[in-house]
**Student:** 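I'd like to ask some things about the structure below.
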2 protein chains.
Amino acid sequence: MGRDIRIVIIEDDQIIREGYALLIGQSEGYQVVNSYVSFDEAAKSIADDGPDVVLLDIELPGTNGIQAIPKLKRLLPHAYILILTVYESEKTIFEALANGASGYLTKNTPAIKIVESIREVKEGGGPMSVNIARMVIKSFQRNQESPLSRRETQILEQIADGKSRSQIARDLFIDLETVRSHIKNIYLKLDVNSRADAIKTAKENKLI
Amino acid sequence: MGRDIRIVIIEDDQIIREGYALLIGQSEGYQVVNSYVSFDEAAKSIADDGPDVVLLDIELPGTNGIQAIPKLKRLLPHAYILILTVYESEKTIFEALANGASGYLTKNTPAIKIVESIREVKEGGGPMSVNIARMVIKSFQRNQESPLSRRETQILEQIADGKSRSQIARDLFIDLETVRSHIKNIYLKLDVNSRADAIKTAKENKLI
DNA sequence: ACATTATCACCCCAATGGGGGGATTTTAAT
DNA sequence: ATTAAAATCCCCCCATTGGGGTGATAATGT
């Protein structure tokens, strides 16, 4: 097999930081090359550490973990970033993933699973804690009890794609007035009176 | 602990179907209550089986797995659906999750992992194969080399939310003309000349 | 058979969107 | 310190759109 997986840990809590370092360092094929208490500390020399995987906490002094992700990406274009945190808010998770994190583990994750996830992420996987995976999957799912009919949902999707009434009419092979009528009914059902509000309400209720 | 987890398998390949049944039936706390070769077969009596978890294949004769998900949901509002398939196309995965699947495993998944995933899904988790998780996470990630500036990206997001120029101007505390100017530049950079095309191009390239 | 859904019609008018042509200042990177 | 990029703002034009009313009729499905 190849050389050790090089790991850097960024975590402000000393106990946790050293705990991880010890845990991972003991595992065959893993090498903790450095660890930092903050991103701001890490920024100076992490490029020289040349890690394959960065274990990153969210709550950090100074630059927080979310903000740190794109900066790390610039310093280490080929490294994978694995979030390891107690934060479980939907917003935080999606921000982390959108910013380029390759995995998201919560701190209750068993030690073996953490070590395993580091390998997984290096091999192109996307490790997630079970609760995180649930939230991620839920984010894909539509509301089953939508008040909108199929046609209305379809038209609302096109509206969310920025299409004008006439474009929608052309695309669906129906009359302009029909589109208008559908949109009116959508507004009625969602209790809104503009495209923007319709899209907002629809997204909030996962209708589209 | 509680009673056994009740499982129904829908899978057209006899070897695989019986293999799963045997594998899962042997595990402590798991009970395969029935298995079917297609959804159309299952539809008749699956409600009487009262499963907690349905293992569902995608490629099925008649109603395919994707189409079957919402129908299963109606027949079994409280059951979890776990996709177990060889299909790994992005479209299929997202359709399955959007339709209400609670997990997505590929058939190369080790036997132990399958059994574990059934429990996980019943406990509210969202099990995924590593390759699936990678695709799901990737779907959240933005294109790092966006040609758009921050402000432009922000404004394009608002456009995708259906907002008018004046609404955007109000929300960002800038002049209407500034918004106009930004939109012009967005159109230039994306080589489009309408909101709809801008949104389309942006989504295709994961700029928003 | 009855309610929902889908379709189409015509009234009005302010606001919008997109195509031009610019300029200036602030910010960031080198 | 220089310079490029980004962000801000200002005019012109005008066809199209979007939203508010107030309807009708045919198709669909439960």
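Chain A is the first sequence line, chain B the second, and so forth, proteins listed ahead of strands; every chain is numbered from 1. What you see below is based on every heavy atom in this structure, not just the backbone, and it leaves out hydrogens, waters and symmetry mates.
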**Student:** Between the side chains of A:N205 and A:N143, does any donor sit under 3.5 Å from an acceptor?
**Tutor:** no
**Student:** Say you draw a straight line from OG1 of A:T92 to CD1 of A:I66; how long is it, rounded to the nearest 0.5 Å?
**Tutor:**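 The CD1 atom of A:I66 is 5.5 Å from OG1 of A:T92, to the nearest 0.5 Å.
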**Student:** May I ask you to test the B:I46-B:I10 pair for a side-chain heavy-atom distance under 4.5 Å?
**Tutor:**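 Of all side-chain heavy-atom pairs linking B:I10 with B:I46, at least one is under 4.5 Å.
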**Student:** Going by distance alone, is a donor N or O of one side chain under 3.5 Å from an acceptor N or O of the other, for B:Y187 and B:N185?
**Tutor:** no
**Student:** Would you jot down, in residue-number order, the residues of residues 193-208 of chain B having a non-hydrogen atom under 4.0 Å from DNA chain D?
**Tutor:** none
**Student:** Does anything in residues 176-190 of chain B come within less than 4.0 Å of DNA chain D? Heavy atoms only, and list the residues if so.
**Tutor:** B:E177, B:T178, B:R180, B:S181, B:H182, B:K189
**Student:** Contact list please: residues 161-169 of chain B against DNA chain C, heavy atoms, distance less than 4.0 Å, in numerical order.
**Tutor:** B:S164, B:R165, B:S166
**Student:** Under a 3.5 Å threshold, yes or no: a donor from one side chain and an acceptor from the other, between A:D40 and A:S38?
**Tutor:** no
**Student:** Checking side-chain polar atoms at under 3.5 Å, does A:E59 have a donor or acceptor matched by the opposite partner on A:T85?
**Tutor:**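 A donor-acceptor contact under 3.5 Å links the two side chains.
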**Student:** Under 4.0 Å between a Lys/Arg side-chain N and an Asp/Glu carboxylate O for A:D49 and A:R6?
**Tutor:**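 Salt bridge flag = no for A:R6 with A:D49.
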**Student:** Could you check B:E157 against B:K203 for salt bridge (Lys or Arg N to Asp or Glu O under 4.0 Å), going step by step and ending with a plain yes or no?
**Tutor:** CA-CA 10 Å; B:E157 271 165 2; B:K203 285 187 176 170; over 6 Å; no
**Student:** One thing to verify: whether B:D171 and B:K163 come together as a salt bridge, which I'm taking to mean a side-chain N less than 4.0 angstrom from a carboxylate O.
**Tutor:**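 Answer for the salt bridge query: yes.
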**Student:** To the nearest Å, give me how far apart CD1 (B:I174) and C1' (D:dC10) are.
**Tutor:**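 Whole-Å distance recorded here is 14 Å.
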**Student:** What is the distance, rounded to the nearest whole Å, between atom CZ of B:R150 and atom P of C:dT27?
**Tutor:**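 It works out to 13 Å between those atoms.
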**Student:** Without decimals, in angstroms, what is the distance between A:R170 CZ and D:dT16 P?
**Tutor:** 11 Å
**Student:** Does a sphere of radius 6.0 Å around CG in A:N108 hold more than 12 heavy atoms from other residues, nucleotides or ligands, not counting ones at 6.0 Å or beyond?
**Tutor:** yes
**Student:** Starting at CG of A:L55, measure out to CD1 of A:I118 and round the result to the nearest 0.5 Å.
**Tutor:**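 So the CG of A:L55 and the CD1 of A:I118 are separated by 4.5 Å.
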**Student:** List the steps and the verdict of salt bridge (Lys or Arg N to Asp or Glu O under 4.0 Å) for A:R17 and A:E41.
**Tutor:** CA-CA 14 Å; A:R17 187 176 62 251; A:E41 267 304 310; over 6 Å; no
**Student:** For DNA chain D, what residues of residues 153-160 of chain A have any heavy atom nearer than 4.0 Å?
**Tutor:**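 DNA chain D contact set from residues 153-160 of chain A: none.
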**Student:** Specify the separation, in whole Å, of atom CG of A:L172 and atom C1' of C:dA6.
**Tutor:** 12 Å
**Student:** Take the C1' atoms of the five end pairs on each side of the helix from C:dA1-D:dT30 to C:dT30-D:dA1, get both axes, and report the angle to 10 degrees.
**Tutor:**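 End-to-end axis angle: 90°.
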**Student:** Report each atom pair, protein N/O against N/O of nucleotides 28-30 of chain C, whose distance is under 3.5 angstrom.
**Tutor:**
none

**Student:** Is a donor on one side and an acceptor on the other found under 3.5 Å between the side chain of A:S164 and the backbone of A:Q167?
**Tutor:**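 It does hold such a pair.
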**Student:** Between B:E11 and B:K107, is there a salt bridge with N-O shorter than 4.0 Å?
**Tutor:**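 Yes, this pair counts.
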**Student:** What I want to find out is whether A:D52 reaches A:R3 closely enough, with some N-O distance under 4.0 Å, to be called a salt bridge.
**Tutor:**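 The answer is yes: the pair qualifies as a salt bridge.
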**Student:** Could you state the interatomic distance from NZ (A:K71) to OG1 (A:T63), rounded to the nearest 0.5 Å?
**Tutor:**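 Interatomic distance, A:K71 NZ to A:T63 OG1, rounded to 0.5 Å: 6.0 Å.
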**Student:** Check whether A:Q67 reaches the backbone of A:N64 with its side chain - one donor and one acceptor, N or O, closer than 3.5 Å.
**Tutor:** yes
**Student:** Is it true that the side chains of A:Q154 and A:Q158 contain a donor and an acceptor less than 3.5 Å apart?
**Tutor:**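 Note: A:Q154 and A:Q158 side chains miss the donor-acceptor criterion.
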